[in-house]
Amino acid sequence: MTTRGEKFYEGKAKILYATEDPALVVQYFKDDATAFNAQKRGTIVDKGVVNNRISTALFTYLEGKGVKTHFVRQLDDRSMLVKRLTIVPLEVTIRNITAGGMAKLLGIEEGLVLNPPVFEWHYKSDALGDPLINDDHILAMKWATAQELAHIRSESFTVNDALKAFFNQRQIDLVDFKLEFGRAGSAHQLLLGDEISPDTMRLWEHGTRRKLDKDRFRRDLGSVEEAYQEVLRRVIGEAGQPSAARR
Ligand code: 5GP
């Protein structure tokens with residue numbers, strides 16, 4: 001039995017609650033959506049339910065591929081039990097296709113295939129808009145050790161390979177995604193944290209390039225709920241079958 005205790009953190013999309021076990025917390029998914037550093041705010045109906053289910057499925061899949069994550073188990077529609085982490089103040093982005101921040105940064109078009117994929121570190125700071133940084137910034141600021149950086153980088157590429165294959169089987173191109181890592185327990189074991197959902201990944205339908213992610217909200221493209229539901233259907237369906245059935 002896990003009892004949801006005191007709320008100790010509320011972010012833009014999720015709330016964290018304590019449990020009777022100090023090593024475990026409840027991660028609750030809200031419907032709130034923000035973009036452009038919270039300048040744009042809104043609600044995506046049932047996003048919390050969908051993202052909880054997608055994250056549950058993807059954390060479970062990644063654990064099967066040997067990636068160590070904070071995920072313990074799904075608790076209910078909107079919450080999962082996770083290991084308590086001290087979050088490393090970094091966001092990792094891996095890009096397989098140009099879009100968003102990289103297209104803007106370099107003044108290039110979206111949709112160019114990146115081979116090899118591009119790995120980026122961002123400093124996790126809402127006030128600064130999560131700026132792009134390199135290893136030297138991290139080491140000089142002592143946000144993580146060289147050993148931790150090497151570990152996070154290699155885990156992130158394992159995640160990219162695994163998720164690319166997973167979505168490829170579901171007729172979806174994994175354009176890019178963001179990961180966060182944290183340290184668990186007295187051994188400071190590095191674990192993949194946060195969530196993995198259409199809020200944190202760009203997903204394009206293979207062939208049509210229809211956007212199936214938060215860009216529909218960011219760019220006012222409409223059919224936001226439908227896109228999230230579509231990803232959920234493809235994630236929980238048998239590989240290849242959901243899209244094949246509709247063609
Ligand atoms: P970009 O740097 O192009 O804005 O984002 C790259 C990828 O990481 C996208 O899939 C985007 O959804 C995700 N991402 C980057 N930063 C954040 C963030 O602060 N919050 C969320 N939800 N996703 C982010």
Pairwise distance [atom1]([X]) to [atom2]([Y]) - rounded to 0.5 angstrom:
X	Y	atom1	atom2	result
Asp77	Asn52	CG	CG	7.5 Å
Glu225	Arg216	CD	CZ	11.0 Å
Thr69	Leu190	OG1	CG	13.0 Å
Leu232	Leu212	CG	CG	12.0 Å
Asp126	Asn37	CG	CG	5.5 Å
Ser197	Tyr228	OG	OH	6.0 Å

For a quick test of reading the model, state the closest non-hydrogen atom pair linking [X] to [Y] and the distance between them.
X	Y	answer
Arg218	Arg202	NH1-NH2, 4.0 Å
Pro117	Ile94	CB-CG2, 4.0 Å
Asp32	Lys47	O-NZ, 3.0 Å

Checklist entry - Is the NZ atom of Lys40 crowded by more than 12 outside heavy atoms at less than 6.0 Å? => result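 Count over threshold, so yes.
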Next on the checklist: If only side-chain N and O atoms count, and only distance matters, is there a donor-acceptor pair under 3.5 Å linking Asp76 with Ser79?
Outcome noted: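 Yes, a side-chain donor-acceptor pair sits under 3.5 Å.
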Checklist entry - Would you say the side-chain atoms of Asp173 and Asn96 include a donor-acceptor pair closer than 3.5 Å? => result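 Asp173 vs Asn96: no donor-acceptor pair found between side chains.
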Would you say [X]'s side chain and [Y]'s backbone share a donor-acceptor pair under 3.5 angstrom?
X	Y	answer
Ser223	Glu226	no
Ser55	Glu195	no
Gln74	Arg53	no
Glu109	Ala103	no
Asp31	Thr43	no
Thr93	Glu120	no

Checklist entry - For the residue pair Trp143 and Tyr123, does the interplanar ring angle fall in the parallel (under 30°), tilted (30 to 60°) or perpendicular (over 60°) class? => result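 Aromatic pair Trp143/Tyr123 classed parallel.
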Checklist entry - Parallel under 30°, tilted from 30 to 60°, perpendicular over 60°: which one fits the rings of Tyr61 and Phe166? => result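 Tyr61 vs Phe166 ring planes: tilted.
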Next on the checklist: For Arg78, run the side-chain contact (heavy atoms from CB on, under 4.5 Å) check against Ile15, Asn51, Val49 and tell me which one passes.
Outcome noted: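 Among the candidates, only Val49 passes.
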Between [Y] and [X], is the closest basic N to carboxylate O distance under 4.0 Å?
X	Y	value
Lys30	Glu10	yes
Lys178	Asp130	no
Glu180	Lys14	no

